[in-house]
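Worth saying up front: this structure is predicted, and the values here are computed from it rather than measured. For the single chain, residues carry numbers from 1 onward in sequence order.
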Amino acid sequence: MKRKNALIAAASLLLVAVIAVGGTLAYFTDTTAQRDNVFTTGKVDIGIVDVSPAGTVDGKEMVTAVNDNEGKGLGYVDIMPGDLISKTVGATVEEGSQPCYLAIRVTAQAEVPNSQDANINSASVSSQLLDLVAAEIDTDKWIVSRDGDALLCYYKEAVSYTAPAAGETVNPANQVTLFEHFAIPGEAWDNNYAQAGFSLNVSAAAVQQKNLEAPSLTPAANTAAIQLQGLFN
């Protein structure tokens, strides 16, 4: 009888062991390797164009800059009434940049130390210079607005980088040009303007094209225009 009870106890222990093992290995199972998803943001990368190439317009030779002030800006001397100033201003989209919307800001500062006319002063001449520049901008391609003492110009279309053709180092399609020259008034600039000094300051900004509508001044809440304007402030 004791031997029978011992066998029953042993069988019970074996059953418990089988159940315990079965609890670990029951059902068909499988696992997969982990996949690490990586997200990298793009970028917007632009450059400013501010050069003074030699050339003529309608047979008139342009006045070119004599220096670039160590890369800080072009310098012109001995400007005379009636001169045509060579100044190409624009922006480039650099390699690796995502498509973007561009804007260029132009400001003017003038000093007229010999003016005998109260209406010919620093503010009025600065404003006149901006008018001279605005007259040279292609409004089929640019939206031009006056922002206080500055011109704020939005390129109407998105621009993107395109690699140069084989054997070339530059692709002209990667550059947009705001203006290439402007004219100093002739006889309207009399002795009141003698020994005057003025500067045109240019800067460019860009914002991504994706998920934004093209810049527009109507409605005033246009996101691209607001973003671009904010970059200059």
Side-chain angles (χ1 to χ4, degrees), residues 41-52 57-58 73-74 84-110 119-162 170-185 188 198-233:
T41 58
K43 67 175 182 177
V44 171
D45 189 7
I46 63 170
I48 188 72
V49 176
D50 184 24
V51 294
S52 179
V57 176
D58 296 330
L74 302 175
L84 185 64
I85 309 300
S86 170
K87 186 174 181 64
T88 297
V89 171
T92 57
V93 181
E94 303 299 320
E95 184 177 2
S97 177
Q98 294 297 304
C100 57
Y101 295 119
L102 285 166
I104 296 177
R105 187 172 186 258
V106 183
T107 60
Q109 295 177 317
N119 294 319
I120 301 175
N121 52 53
S122 295
S124 67
V125 176
S126 297
S127 180
Q128 185 179 11
L129 289 168
L130 292 181
D131 290 339
L132 296 174
V133 168
E136 302 297 335
I137 299 173
D138 185 353
T139 53
D140 287 335
K141 296 180 179 179
W142 294 87
I143 300 170
V144 181
S145 68
R146 194 67 173 263
D147 181 24
D149 60 351
L151 290 178
L152 195 51
C153 309
Y154 306 92
Y155 198 65
K156 292 183 177 181
E157 298 180 356
V159 291
S160 57
Y161 178 82
T162 303
V170 176
N171 186 344
N174 295 327
Q175 176 177 322
V176 295
T177 300
L178 183 64
F179 63 91
E180 296 178 326
H181 49 71
F182 65 96
I184 300 298
F198 61 87
S199 63
L200 289 175
N201 307 308
V202 298
S203 57
V207 66
Q208 67 187 61
Q209 177 267 332
K210 191 175 184 180
N211 303 320
L212 293 176
E213 295 182 358
S216 173
L217 300 184
T218 53
N222 178 271
T223 303
I226 292 172
Q227 290 290 324
L228 289 166
Q229 184 175 12
L231 292 171
F232 292 114
N233 296 328

Should [X] and [Y] count as side-chain neighbours, where that means a heavy-atom distance under 4.5 Å?
X      : Y      : result
Thr177 : Thr88  : yes
Ser97  : Val159 : no
Ser160 : Gln209 : no
Glu136 : Glu180 : no
Leu217 : Asn222 : no
Asp149 : Ser126 : no
Val144 : Leu151 : yes

Please name the pair of heavy atoms, one in [X] and one in [Y], separated by the smallest distance, quoted to 0.1 Å.
X      : Y      : result
Leu231 : Ala206 : CD1-O, 3.4 Å
Ala108 : Leu129 : CB-CB, 4.1 Å
Trp142 : Leu178 : CD2-CD1, 3.6 Å
Ile46  : Cys100 : CG2-SG, 4.2 Å
Gln208 : Tyr101 : O-CD1, 3.8 Å
Lys141 : Tyr155 : O-CD1, 3.6 Å

Atom [atom1] in [X], atom [atom2] in [Y]: separation rounded to 0.5 Å?
X      : Y      : atom1 : atom2 : value
Ile184 : Phe198 : CD1   : CZ    : 4.0 Å
Gln109 : Leu200 : CD    : CG    : 10.0 Å
Asp138 : Phe179 : CG    : CZ    : 13.5 Å

Q: Could you walk me through whether Val44 and Val207 pass side-chain contact (heavy atoms from CB on, under 4.5 Å), step by step?
A: CA-CA 7 Å; Val44 171; Val207 66; over 6 Å; no
Q. Checking side chain to side chain contact (heavy atoms under 4.5 Å, CB included) against Tyr154, which of Leu102, Ile104, Ile143 comes through?
A. Ile143
Measure from the side-chain N and O atoms of [X] to the backbone N and O of [Y], and report whether any donor-acceptor pair falls under 3.5 Å.
X      : Y      : result
Ser127 : Ser124 : no
Thr223 : Leu212 : no
Ser52  : Lys87  : no
Lys156 : Ser216 : no

Q.
For Glu94, give me all partners under side-chain hydrogen bond (donor to acceptor under 3.5 Å, both in side chains), at least two apart in sequence or on another chain.
A. Thr92
Q | Partner residues of Asp147 under the side-chain hydrogen bond (donor to acceptor under 3.5 Å, both in side chains) criterion, sequence neighbours left out | A | none
Q. Just wondering, are more than 12 heavy atoms of other shown residues or ligands nearer than 6.0 Å to CG in Asp58?
A. no
